[in-house]
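Since this is a predicted model, take the numbers as computed values, not measurements. Chain identifiers are assigned alphabetically (A, B, ...) following the order of the sequence lines, protein sequences preceding nucleic acid strands; residue numbering begins at 1 within each chain.
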Protein chains: 2
Amino acid sequence: MATDDLPETVRASKAPAIARAAAVLRLLGKRGTAMGVQAIARELDMVPSTCLYVLRALVIEELVAFDPDTKRYALDAGVLTLARHWLRRDKFHDLAQPVLDRLSGEYGLTTLAVKLMGLGHIIVVAMSQSSQSFQLSTQVGSRFPALVSATGRCIAAFGNYSDAELRPRFDVLRWDEPPSWEEWRRQVDQAREEGIAIDAGHYIAGVTVAAAPVWTKSARPSHALVAIGIGSALRGEALPRLKHALRDSARSLSDQLSG
Amino acid sequence: MATDDLPETVRASKAPAIARAAAVLRLLGKRGTAMGVQAIARELDMVPSTCLYVLRALVIEELVAFDPDTKRYALDAGVLTLARHWLRRDKFHDLAQPVLDRLSGEYGLTTLAVKLMGLGHIIVVAMSQSSQSFQLSTQVGSRFPALVSATGRCIAAFGNYSDAELRPRFDVLRWDEPPSWEEWRRQVDQAREEGIAIDAGHYIAGVTVAAAPVWTKSARPSHALVAIGIGSALRGEALPRLKHALRDSARSLSDQLSG
DNA sequence: GAGAGTCATTCAATATATTGAATATTGTTC
DNA sequence: GAACAATATTCAATATATTGAATGACTCTC
């Protein structure tokens, strides 16, 4: 989920405490600073006493740290352990990392491997940056809206979504230089033909982004490889070569993951 | 917690669903492989239907991924996002990283920053390895028993725990070359005098580990800096110098964190 | 290709987590 | 330093999550 205000999420579920707990964790993550029971409860529309019990349970599980002096709650290191476990067994992460390193080194840019989480958002699961490229800094675990930038065109091109599903999501995106809906649709079509999507300075001015889909077995792509280059780095000859390399790498990964 | 079989954890709490959810997450993390409802329920002594509802809630929160084909559940990338948030605002992590990098480079060894979670265990929150050192590989998020190795002596020396608390924990530790209780107590005393703890090949044969405590404000140290060197790298002159450097760095971090 | 065994899933009854008002505690203002 | 305001926390009543038996779906065996 992403709503963070937990209206139907809680009501529908048979385990609402879990939805509340997750919302608390996300809130504490977003804020960063430690928060009191009341503040958390207000933010999430929870009853303070309920919030307290949720927090206590999370403290026991070491997902939340409690400072007895200030009576404030913050994320605890337990979340790190979970993340490490995830990274250890994710096949895609393992296979993608060396590919990213090679691409980064060869073309002198930043590369990402992302997991596509439907139409909601994507999550960066691996990253590699060339020593020469400026830190177009993104971290593993970062989330971005699904339809933005090159990855967004990739999802739209290969996800078989209807315009009715895409349009409302598209309309709320934030770009440096927003494309019109028609323009974007054309670029999506082109991405479908070429097997790779390009964002030429729309998402971030002066930055070119390329994204190639990776399939595991389902009808829709589950992941994508992304390359990010400062505009000048991908002028002329370089971009076509990169497109080939990225597309081939993505295909190769798809094969390995399906087999 | 850590028991993972959730006996009193669930019963005592006012939000048992959260304890169950955490246990499920840890189990899925430990196993790595995707699991079915029944298998998870059996492992954790849960009713299958309850387990199903817990899993569904976790899937909605994107902490668990569900494969509709195989009907198996596994950790999802959402845990990454939480971890990233934790790393972003943890003051200790931010301050410790450059210190670790400097120490690693200067002495050609692997350094860690760990968070001390009471007498149960410690969690690695930052790491730096010198290019020349062999990968004494440990990852951010790794957990170790609290009392083992140099960190263990550090905790025992500065934590003000009674022998009655320490002994049972000590007796179940696994070492390459286990020290006797008396021997260990002497080493703990020495650590208290010197302000830094050493494990000379006990935990892992041929590997010397040093750990210096970091205080934030409470009576007990909250973190520690750790240096790990292949035996020969810390013979003779090198070890005393490293001890000084590590202790000074830990002191300096303590000051910065308290201020 | 039928049958047994396992698995995921549903459903109504009950044990229980959630609620909000009341109390205790903390921090703040004059 | 006292009184206030805001917060954390407790507690019993109720709305509800948990339970386990029953159903449906699946896979493996002969």
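Using a 4.5 Å heavy-atom threshold, the side chains of S222(A) and K115(A) count as separate. Contact check for R26(A) versus E61(B): side-chain heavy atoms found under the 4.5 Å cut-off.
Pairs of residues two or more places apart, or lying in two chains, that qualify as salt bridge (Lys or Arg N to Asp or Glu O under 4.0 Å) and include a residue from residues 152-165 of chain B are R153(B)-D199(B), D163(B)-R185(B).
The side chain of R72(A) places no N or O atom within less than 4.0 Å of a non-bridging phosphate oxygen (OP1 or OP2) of dG27(C). Phosphate proximity of dT7(D) to R42(A): present, with a side-chain N or O under 4.0 Å from OP1 or OP2. Note on K71(A): a side-chain N or O is less than 4.0 Å away from OP1 or OP2 of dT9(D). A sub-4.0 Å separation between OP1 or OP2 of dT10(D) and a side-chain N or O of R56(A) is present.
Rounded to whole Å, atom P of dT19(D) lies 11 Å from atom CG of D45(B). Whole-Å rounding puts the R20(A) CZ to dA17(D) P distance at 8 Å. For D67(B) and dA8(C), the CG to P distance is 13 Å, given to the nearest whole Å. Counting to the nearest Å, the C1' atom of dA8(C) and the CE atom of M46(B) are 14 Å from each other. Summarising the geometry, the separation between CG on D69(A) and C1' on dA8(D) is reported as 15 Å, rounded to the nearest angstrom. One atom, OH of Y73(A), and another, P of dT7(D), lie 14 Å apart when rounded to the nearest Å. The interatomic distance linking I18(A) (CD1) with dA17(C) (P) rounds to 13 Å, in whole Å. dG24(D) atom C1' lies 14 Å from atom CG of L52(B), rounded to whole Å.
Closest to the side chain of V37(B), out of dT9(C), dT18(D), dT10(C), is dT9(C). Nearest to the side-chain atoms of Q38(A) among the listed nucleotides dT7(D), dT19(D), dA8(C) stands dT7(D). Of the candidates dT9(D), dT10(C), dT18(D), dT18(D) carries the atom nearest the A15(A) side chain, counting heavy atoms from C-beta on. Residue P48(A) has its side chain nearest to dT9(D) when only dT9(D), dT19(D), dT10(C) are considered.
Paired with Q256(A) under the rule side-chain contact (heavy atoms from CB on, under 4.5 Å), one option of V99(A), L95(A), V214(A), T216(A) passes, and it is L95(A).
Where C51(A) and G36(B) meet DNA chain C, the nucleotide closest to each residue was compared, and G36(B) sits on the side nearer the 5' end. Each of T70(A) and T50(A) was assigned the nucleotide of DNA chain C with the nearest heavy atom; the assignment lying further toward the 5' end belongs to T50(A).
You'll find a donor-acceptor pair under 3.5 Å spanning the side chain of Y53(B) and the base of dC11(C), going by distance alone.
Counting non-hydrogen atoms under 4.0 angstrom, A17(B) reaches the backbone sugars and phosphates but no base.
Checked by atom type, the side-chain pair E62(B)/H121(A) shows a donor-acceptor distance below 3.5 Å.
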